[in-house]
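Computed from a prediction, not measured in an experiment: that's the story for all the values here.
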Amino acid sequence: MDAFTAGLLQRIRATESDLTRARETGDDFLAEVEQAELDDLHRLAAEHGVEVATRV
């Protein structure tokens, strides 16, 4: 796995964790921000052929 793929997957995992935390604490605004970030990361992964297993 190259550095780009590893970094992208790590960012996705971190964002999924942040999204879960925002939802659990009821922070709707932060949850929207994290979901948008996660959507962008998934789009980037798809553009580069990186497969991602969705957790959230």
Side-chain angles (χ1 to χ4, degrees):
M1 178 181 309
D2 64 19
F4 173 79
T5 301
L8 182 58
L9 293 174
Q10 192 280 327
R11 287 181 60 197
I12 289 171
R13 285 190 302 271
T15 303
E16 287 173 339
S17 177
D18 293 344
L19 176 57
T20 298
R21 193 170 317 119
R23 287 176 175 166
E24 287 173 348
T25 61
D27 189 335
D28 294 335
F29 176 75
L30 183 56
E32 286 185 33
V33 170
E34 297 297 345
Q35 184 63 60
E37 176 72 10
L38 189 58
D39 293 344
D40 287 343
L41 291 169
H42 278 273
R43 179 192 47 78
L44 185 61
E47 288 175 359
H48 292 277
V50 177
E51 288 192 33
V52 179
T54 304
R55 293 185 196 177
V56 179

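Distance check: His48 NE2 to Arg43 CZ gives 8.5 Å after rounding to the nearest 0.5 Å. Rounded to the nearest 0.5 angstrom, Leu19 CG and Leu30 CG are separated by 8.5 Å. For the atom pair CG (Leu41) and CZ (Arg13), the distance works out to 12.0 Å, reported to the nearest 0.5 Å.
Closest approach of Ala22 to Ala31, counting heavy atoms only: CB-N, 3.7 Å.
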**Message:** side chain to side chain contact (heavy atoms under 4.5 Å, CB included) for Gln35 and Arg23? Distances and angles first, verdict last.
**Reply:** CA-CA 10 Å; Gln35 184 63 60; Arg23 287 176 175 166; 3.1 Å; yes
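Identified under the salt bridge (charged side-chain N to carboxylate O under 4.0 Å, His left out) test for residues 25-39, with sequence neighbours left out: Arg11-Glu37.
Residues Leu8 and Val52 fall within the same hydrophobic cluster, defined by Ile, Leu, Val, Met, Phe, Trp and Tyr side chains chained together at heavy-atom separations under 4.5 Å. Hydrophobic cluster membership is shared by Leu44 and Val50, with clusters built from Ile, Leu, Val, Met, Phe, Trp and Tyr side chains linked at under 4.5 angstrom. Following chains of ILVMFWY side-chain contacts shorter than 4.5 Å, one cannot reach Val33 starting from Ile12, and the two form parts of different hydrophobic clusters.
Within 6.0 Å of atom CD in Glu51, 12 or fewer heavy atoms from other residues, nucleotides or ligands are found, so the atom counts as exposed in its surroundings.
Between the side chains of Thr5 and Asp2, at least one donor N or O sits under 3.5 Å from an acceptor N or O.
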